[in-house]
Each structure stands twice: as structure tokens, then as C-alpha cells.
Amino acid sequence: MKPFIDLRIQYENIRDEILECINEILESSNYILGKNVKAFEEEVKSYLGVVDAVGVASGTDALHLALRALDIGRGDEVITTPFTFFATVEAILYVGAKPVFVDIEEETYNIDPEKIEEKITPRTKAIIPVHIFGAPSDMIKINEIAHKYGLKVVEDAAQAFGARIGSKKVGSFGDIGCFSFYPSKNLGCFGDGGMVVTNDLKIAEKIRILRNHGSAGRYVHETVGLNSRLDEIQAGILRVKMKYIDEYNEKRRKKAALYNRFLSDGVKTPVEKDNTYHVYHLYSIRSIFRDKIKETLSNHGIPSVVYYPIPMHLQKAVRFLGYKEGDFPVAESVAKEILSLPIYPELPDEEVYEISQIILRCLKDS
Ligand SMILES: *Cc1c(COP(=O)(O)O)cnc(C)c1O
């Protein structure tokens, strides 16, 4: 079986730069909150066009700390999508708040803004849209609703570094934007890492204190925080990769366009809404023949993955919320039909062609 994402080719292309950077950090023996974290925060800040950026230990922590910084907790409700990675929901539960789900759009698989208002109650404090697979959520409509009801917006941009609406990058629309640098993300390090971005200096300051044991100065603790720092080696690696992120995203888009060309008559291919720049962290097709396509690909040594087979409202871990099958028909049917195909910047075009041909042949026999 080939790898679903071949991270090795990318490493080989930038190996000298990476090794030089890691070596320099090892020689300096400065591993925590040093010059690379600071420099990477500055680089992300100017790339995204935000006022501040704070490196943290993971995307999950970024979401958790974002909600802490907004003082969201027990008794509060947070609206989000049932079609996401579980971390979005965990973050809401960590602070003691209640996740309230809203079904997704057929087109983008992102939260449907038209269905948000009916879920708002006096306890609603925030909305967490997720830019799933790298496709921007409708931030214009979501911000309008948030403004109307006085809600905070925390963007889960873990899968969407560099995605944008017009020229404005995701993560910069909400009160807070959260990123993950998990190795397979479209900007990934060689371990865990995350980032919180915001246009509010007070929020940034709170996150800086929370990520470091609630401490602004040495051994003086204002609040109970976390140990959640982005480490120097990961920040150094990310600074190298950051130089290529636009090139990587462009290449992902080219692979996606090629898949679209071959596959759009046979399956539902990803939709790019007008004026949006999708970064294809994942390339996901939708078909009622999903399971058969997956098996056929596997028989040809091609891996494919179902992101995500069980929508959040039907997860055992949140059974206490009382949701049931049928509550979110779009998310539920997408979960039964979605399939992600290999995509990464270095994926050879011939493989895109081969994978597509296998799928088309499989559909002909269906
Ligand atoms: C990966 C991911 C996270 C969590 O990020 P980690 O860095 O793995 O903690 C959160 N939300 C979404 C949508 C993700 O894809």
C-alpha cells in the first residue's frame, strides 16, 4: 500500500534547511519560548494579517485556550458543526460549556449559516465554524449573525492555513483563529504544534499567560493555566516550511483541479464557492458507492480514508447531550458517502490519473 500522504518527499526537498535549523537550535540549547517561537509568531501574524499570534502546543489546545480567554464556561452554549474532528467538541467540553450542533451545507460540508439562528438561546456565547478539508466557511454570514446576537466567533482553521475569502485569510475573520501544525496538516511540523491568532491584544495577552501556567512573570501565577507552549524545534521547522506554504497550497489546488477534471462526471467533487480559495488539506469525493470505491482502491494498493465516519452528535462520548440519528440529515448522509483521496503537493499527476481511472472503472461496474 502506498502512503496516504507521503511526508518523506517534502522532507527530502528541504532537508538541508531543516537540519541546519535544528542543529542551530541544539547548539543554542534554548528549547522553550526562544527566538524561533517569537519569529514564527511574527511571520504568521504578517502572513495572515492579524494583530497578534501565539504559539501553543496543539490545535486542540489552541481551541481550548481560545474559549478560556473568552471566559466561556459552565452554563454557556457554543454552536458548532457536527462534521468535524472531535477536538472541536472536546475544547467546548474542556471548559464545561455545552456543544450545540447545527447541520452542514451540502456544498462545502461546513456549518450552514441559515440554520444557526434557530439554535441561538440566551445561553449561547460563541460560534465555532470549522473550515473543513481546507474550504472556507461562510464567514461573512457567520460574522453577521454573531454581531446581531453579540456572540464571539472562534474559527477552527486547523485544516486551512492560507485558505481565504477574497484576499482575507481564514483565521482573521473571527475574534480568534485556531491552527494546528499536526504533521499531516497542510502546514505541518514534525510533532505537535498549534497557534492562536487574534486582532485583540488583550486576548493575545490572556493566551500568552494561559499557555504558560497562568503566569506572566516568573513564579507569579494569575490564574490556573496549562503547559501548552509551541516548542523551539517545531517553530524552527515551521519557519522553514512557511517559506513554501503558498507553493504547497497552489500545488494542492492543481492536484484537486486534475482530480475534478477526471472525476466530476462520476462522483460529487469538492465545491469551491465564489471568491474562495480552498487549500485542499483533504480532497474528498462523495458517492453512494463510497464503500465499493474504497475497497477497489485498496485492492489496487491505493489508500483512501473516511473523514469522518461518525458525525459528532452520534459519538458515544457525547451521548449525554441527547442527540439521535436523524437530527442532522446532511451531516449524517455525508458521513456515509464521503471519501478522501490521496493529496499532497508532491503527489505525481500520473497517480491522480491512475486513481481516477480506477474509480471510474469501479463506477462503470456498479
Ligand atoms: C487536527 C484538527 C484539530 C486538532 O489539532 P491537533 O493539533 O491535532 O490538536 C482540531 N480541529 C480540526 C478540524 C482538526 O482537523
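Annotation for R290 and A335: closest pair NH1-O, 3.1 Å, computed over non-hydrogen atoms. The shortest heavy-atom contact between L48 and V170 is CD2-O, 4.1 Å. Between P82 and I104, the shortest heavy-atom distance links the atoms CD-CG2, 4.2 Å. Considering every non-hydrogen atom in both V37 and L230, the closest pair reads CG2-O, 3.3 Å. Between T296 and C362, the shortest heavy-atom distance links the atoms OG1-SG, 3.5 Å. Of all non-hydrogen atoms in Y259 and P342, the two that sit nearest each other are OH-O, 2.7 Å.
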Side-chain polar contacts of residues 181-188 - donor-acceptor pairs under 3.5 angstrom, sequence neighbours left out - could you list them?
residue: N186; atom: OD1; partner: F161; partner atom: N; Å: 3.4
residue: N186; atom: ND2; partner: F161; partner atom: O; Å: 2.9
residue: N186; atom: ND2; partner: N249; partner atom: OD1; Å: 2.9

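Summarising the local packing, CD of E295 is surrounded by 12 or fewer heavy atoms from other residues, nucleotides or ligands at distances under 6.0 Å. Environment of NZ in K119: crowded, with over 12 heavy atoms of neighbouring residues, nucleotides or ligands closer than 6.0 Å. Counting non-hydrogen atoms of other residues, nucleotides and ligands closer than 6.0 Å to NZ of K125 gives a total above 12. Shown here is Y353, whose OH atom has no more than 12 heavy atoms of other residues, nucleotides or ligands within 6.0 Å.
For S366 and K292, the side-chain atoms include at least one donor-acceptor pair closer than 3.5 Å. Between the side chains of Q159 and Y307, no donor-acceptor pair is found at a separation under 3.5 Å. Side-chain N/O atoms of E90 and T60 include no donor and acceptor closer than 3.5 Å. Under 3.5 Å, the side chains of S333 and R286 contain a donor-acceptor pair of N or O atoms.
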For this session: Decide yes or no on side-chain contact (heavy atoms from CB on, under 4.5 Å) for V102 and I127, but give the supporting numbers first.
Result: CA-CA 10 Å; V102 166; I127 308 171; over 6 Å; no
For this session: Could you check V330 against E105 for side-chain contact (heavy atoms from CB on, under 4.5 Å), going step by step and ending with a plain yes or no?
Result: CA-CA 7 Å; V330 184; E105 298 178 326; over 6 Å; no
For this session: Starting from the C-alpha separation in whole Å, work towards a yes-or-no answer on side-chain contact (heavy atoms from CB on, under 4.5 Å) for Y344 and Q10.
Result: CA-CA 9 Å; Y344 48 92; Q10 187 172 85; over 6 Å; no
Exercise. Stepwise, does the salt bridge (charged side-chain N to carboxylate O under 4.0 Å, His left out) test hold for K268 with E106?
Worked result: CA-CA 10 Å; K268 190 176 184 324; E106 293 272 359; over 6 Å; no
Exercise. Please walk me through it: do Y280 and E272 pass side-chain contact (heavy atoms from CB on, under 4.5 Å)?
Worked result: CA-CA 10 Å; Y280 296 96; E272 276 185 39; 2.8 Å; yes
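Residues L314 make up the rest of the hydrophobic cluster containing I310, defined by ILVMFWY side-chain heavy atoms closer than 4.5 Å, directly or through other members. Grouping Ile, Leu, Val, Met, Phe, Trp and Tyr residues whose side-chain heavy atoms lie under 4.5 Å apart, directly or via other members, leaves V220 alone, with no other cluster members. Through side-chain heavy atoms spaced under 4.5 Å, either directly or across other Ile, Leu, Val, Met, Phe, Trp or Tyr residues, Y277 is tied to V279.
Residue pairs that meet the side-chain hydrogen bond (donor to acceptor under 3.5 Å, both in side chains) test with at least one member in residues 310-322, sequence neighbours left out, are H313-E332. Within the structure, the salt bridge (charged side-chain N to carboxylate O under 4.0 Å, His left out) test picks out no pair touching residues 219-231 (sequence neighbours left out).
Note on E17 versus K243: salt bridge recorded, some NZ/NE/NH1/NH2 to OD/OE distance being below 4.0 Å. Under 4.0 Å is where a charged nitrogen must lie from a carboxylate oxygen, and between K35 and E24 at least one such pair does. Ionic pairing of K168 and E155 is not present here: no N-O contact between side-chain nitrogen and carboxylate oxygen is shorter than 4.0 angstrom. One finds a salt bridge joining D71 and K206 here, because a Lys/Arg side-chain nitrogen approaches an Asp/Glu carboxylate oxygen to under 4.0 Å. A salt bridge links K324 with D327: the closest approach of a Lys/Arg side-chain nitrogen to an acidic carboxylate oxygen falls below 4.0 angstrom. Salt-bridge formation is not detected for the pair E144/K148: no Lys NZ or Arg NE/NH1/NH2 atom is positioned less than 4.0 Å from an Asp or Glu carboxylate oxygen. Between K45 and E42, at least one side-chain N (NZ, or NE/NH1/NH2) sits under 4.0 Å from a carboxylate O, which counts as a salt bridge.
A perpendicular orientation is assigned to the rings of H221 and H213, their planes being inclined by more than 60° (bins at 30° and 60°). Classified by interplanar angle (parallel below 30°, tilted 30° to 60°, perpendicular above 60°), the ring pair Y308/F83 is perpendicular.
The OG1 atom of T80 lies 7.0 Å from the CZ atom of F101; values are rounded to the nearest 0.5 Å. Once rounded to the nearest 0.5 Å, the distance linking CD1 of I111 with CD1 of I132 reads 11.5 Å. Taken to the nearest 0.5 Å, the CD1 atom of I32 stands 8.0 Å off from the CD atom of E232. For the atom pair CE of M1 and CD1 of I302, the computed distance is 8.5 Å after rounding to the nearest 0.5 Å. Atoms CD1 and CG, on I203 and L70 in that order, are 5.0 Å from each other to the nearest 0.5 Å. Put simply, CD1 on I285 and OG on S304 are 8.0 Å apart, with the number rounded to the nearest 0.5 Å.
With hydrogens and angles disregarded, no donor-acceptor distance shorter than 3.5 Å links the side chain of T84 to the backbone of T81. With H131 contributing its side chain and S137 its backbone, the two residues share a donor-acceptor pair below 3.5 Å. Formation of a donor-acceptor pair under 3.5 Å by the T198 side chain with backbone atoms of D175 is found in this model. In terms of modelled atom types and a separation under 3.5 Å, the side chain of R211 and the main chain of G55 share a donor-acceptor contact.
For the pair E337 and S287, the minimum side-chain heavy-atom distance is 4.5 Å or more. You'll find the side chain of V318 reaches within 4.5 Å of the side chain of L93, heavy atoms only. With a 4.5 Å cut-off on side-chain heavy atoms, I209 and T223 count as touching. Taking 4.5 Å as the limit, every side-chain heavy atom of P136 sits out of range of all side-chain heavy atoms of R164. By the 4.5 Å heavy-atom criterion applied to side chains, M242 and Y47 are counted as neighbours. Residues F173 and I165 are in side-chain contact: their nearest non-hydrogen atoms beyond the backbone lie under 4.5 Å apart. Annotation: side chain of E346 is not in contact with side chain of E12 (no heavy-atom distance under 4.5 Å). Between L339 and V306, the closest side-chain pair of non-hydrogen atoms falls below 4.5 Å.
Screening R239, K241, K38 against E43 for a salt bridge (Lys or Arg N to Asp or Glu O under 4.0 Å) leaves a single residue, R239.
Connection of I14 to L19 is established within a shared hydrophobic cluster, with ILVMFWY side chains joined at heavy-atom distances below 4.5 Å, either directly or through further cluster members. There is a path of hydrophobic side-chain contacts, each under 4.5 Å, that joins F4 to I359. If you chain together hydrophobic residues whose side chains sit under 4.5 Å apart, V153 and V51 never meet in one group. By the criterion of side-chain heavy atoms lying less than 4.5 angstrom apart, applied directly or through intervening Ile, Leu, Val, Met, Phe, Trp or Tyr residues, L67 is not grouped with V197; the two fall into different hydrophobic clusters. No single ILVMFWY cluster, assembled from side-chain heavy atoms under 4.5 Å apart, contains both V130 and V89.
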